[in-house]
Amino acid sequence: MKINYRQLSILVFMSFVALKFLALPSLLYVESKNMSWLVALVLMVLDAIYVFILLDLMKKSGQNNFYNFLKQCIGTMPAKIILIVLGLKYALVVANLSKGLEFFVVENFYERLNWVVFVLPLIILTGFMVYKGSRNIARVSEIICWPIILGCLYLAVKSIMGVEPLNFLPFLEEGIKPLAVSGFKHISWFGSCTFMFMLFGKVDFNNEKKSTMIKYIIISILLVQLIFIIFYGLFDVTSPTHNYCISDISQFSSGRSSIDELSWLVVSLWVSAQAVQLALYSYCLVQVIKFLFNVKSNAVPIFIVLLYIFMWSFIGEQTIRLENVFLTPYASIVTIVSQYVFPVFLLSAYHIKNAIFKHKHRQEVVNAIE
Amino acid sequence: MKINANKIVEQVKQKLHQSSDIKSRLVQFFGCEVAIIYIADITDNLLMNNSLVYPMVSFSNEVSNNVYKELKDKVLSNHEINEYEKLDDAIDGMLKGMCLIAVSGAEKFLCCDMEKITTRPVMEPPTSVVIKGPREGFTESIKYNFALIRKRVKTDDLVIKTMEVGELTKTQIGIVYFNSVADKNVVKRIENTIKNIKIDGVLDAHYLISYLQRNKHSLFKQVGDVEKPDILVGKMMEGRVGIIVDGSPIVLTLPFVLLEDLQNSDDYYSQPVRVVFVRILRLIGVIFAVVLPGVYVSLEIYHYKILPTEFLVTIMNTTQGIPFSPFVEILFLILLFEILYEANLRMPQYFGMAMSIVGALILGETTVNAGLVSPPAVMIVALSGITFYIIPSQAAQFSVLRLIAIVIGACLGLYGMLIFCVFILSYLSSFDSYKSAYLAPTAPYIDNDQQDLFVRANIKEMKKRPKSIANNRKNANRRSNNED
């Protein structure tokens with residue numbers, strides 16, 4: 001059950017934009033002020049570079065799944081350590097997506113919503129999509145991808161007249177340091193291509209068109225930048241108070257009077273996109289559990305992941321604001337290691353192993369000739 | 001073993017439990033006794049008289065000692081004569097409308113095709129009405145249906161294979177496809193599936209559906225159905241296989257993808273620009289049919305604040321004093337609509353018009369005036385009910401989905417509706433029909449096939465067969481001399 005290259009590109013696109021339009025713009029503004037868009041741009045470009053590193057690794061792995069590839073490159077124990085770190089990253093993203101979605105839905109759609117009523121349908125959907133596998137998630141993403149792009153463009157066009165260009169000046173007034181601090185602090189919201197690890201051996205590179213991936217990455221970066229610029233252009237210093245970028249831009253909320261029917265559709269689409277992303281990262285988490293504990297069946301790992309989502313909804317209801325979890329340096333370190341260190345490390349390990357193998361082979365040939 | 005004509009008549013009658021429609025006649029042919037046995041109501045008497053009885057009684061030439069051979073080669077003028085060694089085989093032939101001839105002293109039986117085809121004339125099917133384009137529809141006779149296909153396809157590439165299904169009915173099933181276009185594995189799988197069907201009888205093509213579809217318990221249609229030969233041939237040219245069942249005017253097609261129901265034969269006989277508009281309209285119609293009542297219920301119960309103020313005021317004014325909740329109100333109206341539909345469908349035609357007036361005008365008007373339901377609810381249900389029939393072949397599935405959507409809308413609101421929609425998409429994405437993805441060419445996206453999805457390219461430009469349908473990839477190009 002492989003996915004094709006276009007579907008992979010769309011998954012990358014969805015992952016690039018998924019976490020960006022909720023609380024991230026307002027959180028970034030606290031440190032990097034009117035230059036927040038630049039932080040997002042730099043980190044997204046970095047993510048884009050890593051997409052291609054991961055693609056290279058994917059091709060090198062051939063038909064192997066990620067765990068087998070790791071075992072071949074670095075051995076079993078280091079492979080398990082890498083899987084644990086990746087599992088942490090996926091668990092963080094799953095928590096962020098499910099709680100983010102819950103807050104977003106409750107804030108924008110209902111006056112009050114029981115957390116059980118929220119989480120049960122989400123669990124059913126996630127369980128079903130994860131059970132059906134990566135191809136199913138990819139196909140659904142394919143269907144909703146372009147409506148989301150068009151919806152976001154509609155929002156941008158509708159709101160662009162209210163943007164104040166002077167909000168973005170002066171340029172880099174406080175230097176680069178606040179941007180670096182902000183980038184490190186919020187890096188957990190980036191690292192958008194870690195899911196690709198779990199698709200090793202599951203992508204069909206026949207009929208691959210490199211331009212497809214480039215196209216979708218460029219669209220995602222431009223879209224995020226457009227929405228960020230509109231957000232900061234509209235709200236400026238009040239940005240930190242606007243926790244739900246996409247709905248606040250559209251002035252959509254059940255509590256507000258200014259309502260636009262089409263924006264309402266865009267926001268609804270956004271909820272669907274978040275749900276699909278949740279399924280994608282839950283799928284990755286299930287794969288990690290399967291690799292770590294050598295489980296063949298899907299049922300138990302899926303049950304664990306669904307229980308995890310359920311627990312987050314329950315715990316989050318009691319005390320924790322998710323942003324606080326995501327803002328810890330630990331979360332940033334997990335992201336940096338999983339997204340930016342592992343791919344380079346694995347690429348190096350692969351080449352070193354290959355070089356050693358070639359050297360050994362050459363020696364064997366020389367010995368045989370002698 | 002030598003045949004005794006007299007005894008054979010008795011044996012046949014005994015085998016068929018002395019059925020009263022078994023008729024026989026004994027004729028003396030040059031001193032030899034010949035029995036003609038047939039089933040009265042399915043045999044063409046005129047044909048029998050002209051090609052069998054009259055030539056026998058009027059034959060005056062000299063005959064050799066081998067009466068059987070003389071009869072077969074010189075006397076019978078029928079176009080199809082079969083020989084059988086076993087009486088059981090000959091009786092099987094007789095049950096299909098053949099006339100059994102038993103010649104005393106011979107070792108074989110003769111069977112001549114005398115079948116009387118009784119079927120209604122070729123008419124335009126009620127569910128595939130077109131403004132422009134061919135109006136011929138399939139009939140209940142498999143032979144007529146083969147003829148309707150052959151009339152359009154004059155090539156040696158057309159394959160028609162027949163087999164029998166049904167222990168009691170022995171219904172003839174025909175598989176039709178283009179040899180160079182259809183996927184061989186798909187054809188083989190269909191053949192094997194049909195061969196392995198063990199059933200008392202097949203009375204209609206729909207009997208086969210549950211054997212042919214892969215997801216046995218799915219709500220969604222997984223086998224295509226057509227009622228017109230031009231549509232069938234069009235589908236076969238794309239690589240599909242047609243399954244014709246004797247006694248049914250519906251021809252099944254496989255593989256089936258969901259979006260092919262958005263297409264209509266009219267589309268290929270109209271201007272491409274108009275087709276784009278109509279196909280988008282159909283898609284919107286489907287969305288309206290399934291989700292509109294659910295969205296209305298959820299908006300009224302949970303999200304009334306997101307409605308524009310003027311609209312909200314209008315709705316509040318009209319729903320004031322309605323004793324039911326929006327959920328019950330919509331459910332009541334849908335129930336009413338479904339009852340009217342069922343009654344209208346099965347009622348004699350001259351009552352139908354009166355029923356429409358009573359249903360739509362009197363019932364609708366009075367329930368609103370009585371304050372039982374609100375006008376917006378009537379409008380929503382009516383719109384949803386009408387849009388069902390934009391794609392009539394999917395109406396049954398849509399009506400179930402609509403009910404689920406209403407319940408979800410009432411229980412969970414808009415959030416539940418969104419999750420429901422993604423779930424449906426995910427469910428549909430998860431299954432394939434005979435090597436073809438169910439939601440193709442949308443998911444997976446197939447660039448080549450976009451020329452006949454929402455936009456219908458000019459026929460001259462559609463040079464490749466669709467890739468979303470499993471077909472013979474070696475023959476992917478349509479035969480065309482328009483290389484420009």
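Scope of the values below: all heavy atoms of this structure, side chains included, with no hydrogens, waters or symmetry mates. Proteins get letters first, then strands, A, B, ... in listed order; numbering begins at 1 in each.
Ranked by non-hydrogen atom pairs under 4.5 Å with chain B, the options A:Asn4, A:Ile124, A:Leu122 are led by A:Leu122. Counting heavy-atom pairs closer than 4.5 Å to chain A, the top-ranked of the candidates B:Leu412, B:Ile408, B:Leu439, B:Thr442 is B:Leu412. Top candidate by heavy-atom pairs under 4.5 Å with chain B, chosen from A:Ser268, A:Ala279, A:Ser272, A:Ala275, is A:Ser268.
Side-chain atoms of B:Tyr415 do not come within 3.5 Å of backbone N or O of A:Val105 as any donor-acceptor pair.
When each of A:Val276, A:Ile137, A:Val140 is checked for a side chain to side chain contact (heavy atoms under 4.5 Å, CB included) with B:Ser426, only A:Val140 meets the rule.
In this structure, A:Lys210 places its NZ atom where only 12 or fewer heavy-atom neighbours from other residues, nucleotides or ligands lie under 6.0 Å away. Atom NZ of B:Lys188 has 12 or fewer neighbouring heavy atoms from other residues, nucleotides or ligands inside a 6.0 Å radius. Atom CZ of A:Phe205 has more than 12 neighbouring heavy atoms from other residues, nucleotides or ligands inside a 6.0 Å radius. Residue-environment remark: NZ (A:Lys209) stays at or below the threshold of 12 foreign heavy atoms within 6.0 Å.
Interface with chain B: from residues 125-136 of chain A, residues A:Leu125, A:Phe128, A:Met129, A:Lys132, A:Arg135, A:Asn136 qualify, criterion being any non-hydrogen pair under 4.5 Å.
A 4.5 Å side-chain heavy-atom check between A:Ile143 and B:Ser429 finds at least one atom pair inside the cut-off.
Neither the backbone nor the side chain of B:Phe420 comes within less than 4.5 Å of any heavy atom of chain A. No part of B:Leu312 comes within reach of chain A, as not one of its non-hydrogen atoms sits under 4.5 angstrom from that chain.
Each side chain to side chain donor-acceptor pair (under 3.5 Å) pair with one or both residues in residues 401-412 of chain B, not counting sequence neighbours, appears once here: B:Glu338-B:Arg402, B:Ser384-B:Arg402. Listed by first and then second residue, the salt bridge (charged side-chain N to carboxylate O under 4.0 Å, His left out) pairs that reach into residues 1-18 of chain A are A:Arg6-A:Glu142, sequence neighbours excluded.
Of all non-hydrogen atoms in A:Pro121 and B:Ile419, the two that sit nearest each other are O-CG2, 3.6 Å.
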For A:Ile144 and B:Leu425, what are the C-alpha separation, side-chain angles and deciding distance, and is it a side-chain contact (heavy atoms from CB on, under 4.5 Å)?
CA-CA 10 Å; A:Ile144 60 176; B:Leu425 282 182; 4.2 Å; yes

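With sequence neighbours left out, the salt bridge (charged side-chain N to carboxylate O under 4.0 Å, His left out) criterion links B:Arg456 to no other residue.
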